[in-house]
A.B. asks: 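Below you will find the structure I want to go over with you.
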There are 2 protein chains.
Amino acid sequence: MCTHCHTHHHHLTGIQKNCVSLVPIFNHLENRQLNEVMNKMNSVSYKKGETIYHAGDQSDTLYIVNNGKIKIYRLAESGKEQFIRLLNQGEFTGEYALFSESIHESYAEAVTDTNVCLMKRSDLQELLIKYPTISLKILSVFSDRLEHSEKQTTLFATEKAETRIAFFLVQTLEDTPSSEVMFPMNKKDLASYLGTTPETISRKLTHLESRGYIKQKSNKRIEVLDINGLLLV
Amino acid sequence: MCTHCHTHHHHLTGIQKNCVSLVPIFNHLENRQLNEVMNKMNSVSYKKGETIYHAGDQSDTLYIVNNGKIKIYRLAESGKEQFIRLLNQGEFTGEYALFSESIHESYAEAVTDTNVCLMKRSDLQELLIKYPTISLKILSVFSDRLEHSEKQTTLFATEKAETRIAFFLVQTLEDTPSSEVMFPMNKKDLASYLGTTPETISRKLTHLESRGYIKQKSNKRIEVLDINGLLLV
DNA sequence: CGCGTGGTTGACGTTCGTCAATCTTAGTGG
DNA sequence: CCACTAAGATTGACGAACGTCAACCACGCG
């Protein structure tokens, strides 16, 4: 209910600099333009577990993660939570509220202590008109997300739980140099991201291990032994 | 395999006019600008059943439906087809290839005889830089699609087949004035859109009818008797 | 009038969610 | 640093939901 029960630290200088210069959608700008963008930013901190926005909240703000992690999730009519994505440093949210409806359909919650930079919709729109290349960057991020989301939908619609888990492992592995997957979330969130339950994840991981495809090192760490095997599940 | 086995009708005048003036992403432009956009457009016709692009195809083109219908679908690793969306007049596709990767991850196929307008990526990007308000329109469409896709993912991940079908009926009903839903596709495509099978759709519709929520008038036509009932399924 | 495609129905097996009991881990306070 | 607690993860037993396969039906088209 309460979206304002967080620690405010407005107008911190130096912090906004990260939000702008480290972020893909802005970091291609020249120095003078970067400064202009920075001046439109505010900054807020949230403690672990605090809610940044609720479904149903009015919104006209772009949120950029300065440091920390934010999880975006939805609630189905049935009340079940569905994990959508984890935002790391430099990633943003608020998009739907910014360009279409002005109320949120999802929830954003700080997973760790988190500092975010804010920009008002009107300021952003001015910037987009003034520096059209920013739009191109955002369009690129959007189309990536769209692609990802549609792939995810197809995965849910057509594949069984074990396949979804195997795919998740392979996909997560691609982002790391090692052969070890480290879950960025607990099993409950992972389960809701994969459209299943913690129990099923446990069972399927055990099954994959017994087939020799993976080795469970600890609760959140898994070593992948046979990628090709996983992909054939 | 063959993306070129279709009837070409390049440089038709008058047709492009529709593509530009009827389309939400362009129709807010002034006359002089509309003309400029029009000059960058080409036009191609496809017969019913022809493929417009394949997953894996190289692409640098925006496709706008001038008339007819196009279905976008994906193939899962398992080979199962998953229906993504139906494009009607004025809607566009090609986005992912345009702003991120340059290869398609989905398939586009003409459902009826169809005429589409084309614009090359480089031309579009020039326009976006020159007229930044176009980007805002596209951003708005993208965020709608993203919203829809994420909602769909949540639906698949958390709700059972009967609920998904009920939601589809209610959602489709919202677009029409009457209390009758007319499927724009056959049961096979509908099933793949809803992540289930034709058999299950049959059974669930029968079940919903026996509960008095709907009445099946014919194969593709369903009258909704009790929306609230459906929403509680 | 027959043929074919698409839709329906039934029987059956698999997958997976649910609930409860147990085990493990991490965090807290003495 | 250890003991205790609470939260999370695992395992088992069970049943519900749904996909699959096959047989059958119905409608549209030549």
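Each chain gets a letter, A, B and so on, in the order its sequence line appears, and its residues count up from 1. These figures come from a predicted structure and were not determined experimentally.
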A.B. asks: Does the side chain of A:Thr196 get closer than 4.0 angstrom to OP1 or OP2 of C:dC16 through an N or O atom?
C.D. replies: no
A.B. asks: What is the distance, to the nearest angstrom, from the CG atom on B:Leu205 to the P atom on D:dC18?
C.D. replies: 13 Å
A.B. asks: Report the residue from A:Phe168, A:Tyr213, A:Phe167 that forms a side-chain contact (heavy atoms from CB on, under 4.5 Å) with A:Leu230.
C.D. replies: A:Tyr213
A.B. asks: Angle between the two end axes of the helix from C:dC1-D:dG30 to C:dG30-D:dC1, five base pairs per end, rounded to 10 degrees?
C.D. replies: 40°
A.B. asks: Please confirm whether the shortest side-chain N or O distance from A:Lys204 to OP1 or OP2 of C:dT15 is below 4.0 Å.
C.D. replies: no
A.B. asks: Whole angstroms only, please: what is the CZ-P distance between A:Arg203 and C:dT14?
C.D. replies: 17 Å
A.B. asks: With distance as the sole criterion, is a donor-acceptor pair present between the side chains of B:Thr61 and B:Tyr53 under 3.5 Å?
C.D. replies: no
A.B. asks: Nearest-Å distance, CZ (A:Arg164) to P (C:dT15)?
C.D. replies: 13 Å
A.B. asks: List the atom of B:Ile64, the atom of B:Met41, and the distance in Å for their closest heavy-atom pair.
C.D. replies: CD1-CE, 3.7 Å
A.B. asks: On the nucleotide D:dT10, are OP1 or OP2 found under 4.0 Å from the side-chain N or O atoms that A:Lys187 carries?
C.D. replies: yes
A.B. asks: Can you confirm whether A:Asp144 sits close enough to B:Tyr96 that some side-chain heavy atom of one is under 4.5 Å from a side-chain heavy atom of the other?
C.D. replies: yes
A.B. asks: Within this structure, what is the CG-to-P distance between A:Asn186 and D:dA7, rounded to whole angstrom?
C.D. replies: 13 Å
A.B. asks: Quick one: is C:dT8 close enough that its OP1 or OP2 comes under 4.0 Å of any side-chain N or O from B:Thr206?
C.D. replies: no
A.B. asks: Tell me the interatomic distance from A:Glu209, atom CD, to D:dT10, atom P, rounded to whole angstroms.
C.D. replies: 10 Å
A.B. asks: Taking atom C1' of C:dT15 as reference, at what distance in whole Å does atom CD of A:Glu199 sit?
C.D. replies: 14 Å
A.B. asks: Any side-chain N or O of B:Thr200 less than 4.0 Å from the OP1 or OP2 oxygen of D:dC18?
C.D. replies: no
A.B. asks: C:dG7, OP1 or OP2 - any side-chain N/O from B:Ser202 closer than 4.0 Å?
C.D. replies: no
A.B. asks: Distance check needed: C:dT9 C1' versus B:Gln216 CD, whole Å only.
C.D. replies: 13 Å
A.B. asks: Show your reasoning for whether side-chain contact (heavy atoms from CB on, under 4.5 Å) applies to A:Ser102 and A:Asp60.
C.D. replies: CA-CA 6 Å; A:Ser102 58; A:Asp60 59 351; 5.9 Å; no
A.B. asks: Could you state the atom-to-atom distance from CD1 of B:Ile222 to P of C:dG7 in whole Å?
C.D. replies: 12 Å
A.B. asks: Are the side chains of A:Tyr193 and A:Gln152 in touch, meaning some heavy atoms are under 4.5 Å apart?
C.D. replies: yes
A.B. asks: Using only modelled atom types and a 3.5 angstrom limit, is any donor from either the side chain of A:Arg221 or the base of C:dT25 paired with an acceptor on the other?
C.D. replies: no
A.B. asks: Could you walk me through whether B:Leu169 and B:Leu205 pass the side-chain contact (heavy atoms from CB on, under 4.5 Å) check?
C.D. replies: CA-CA 10 Å; B:Leu169 289 174; B:Leu205 286 179; 4.3 Å; yes
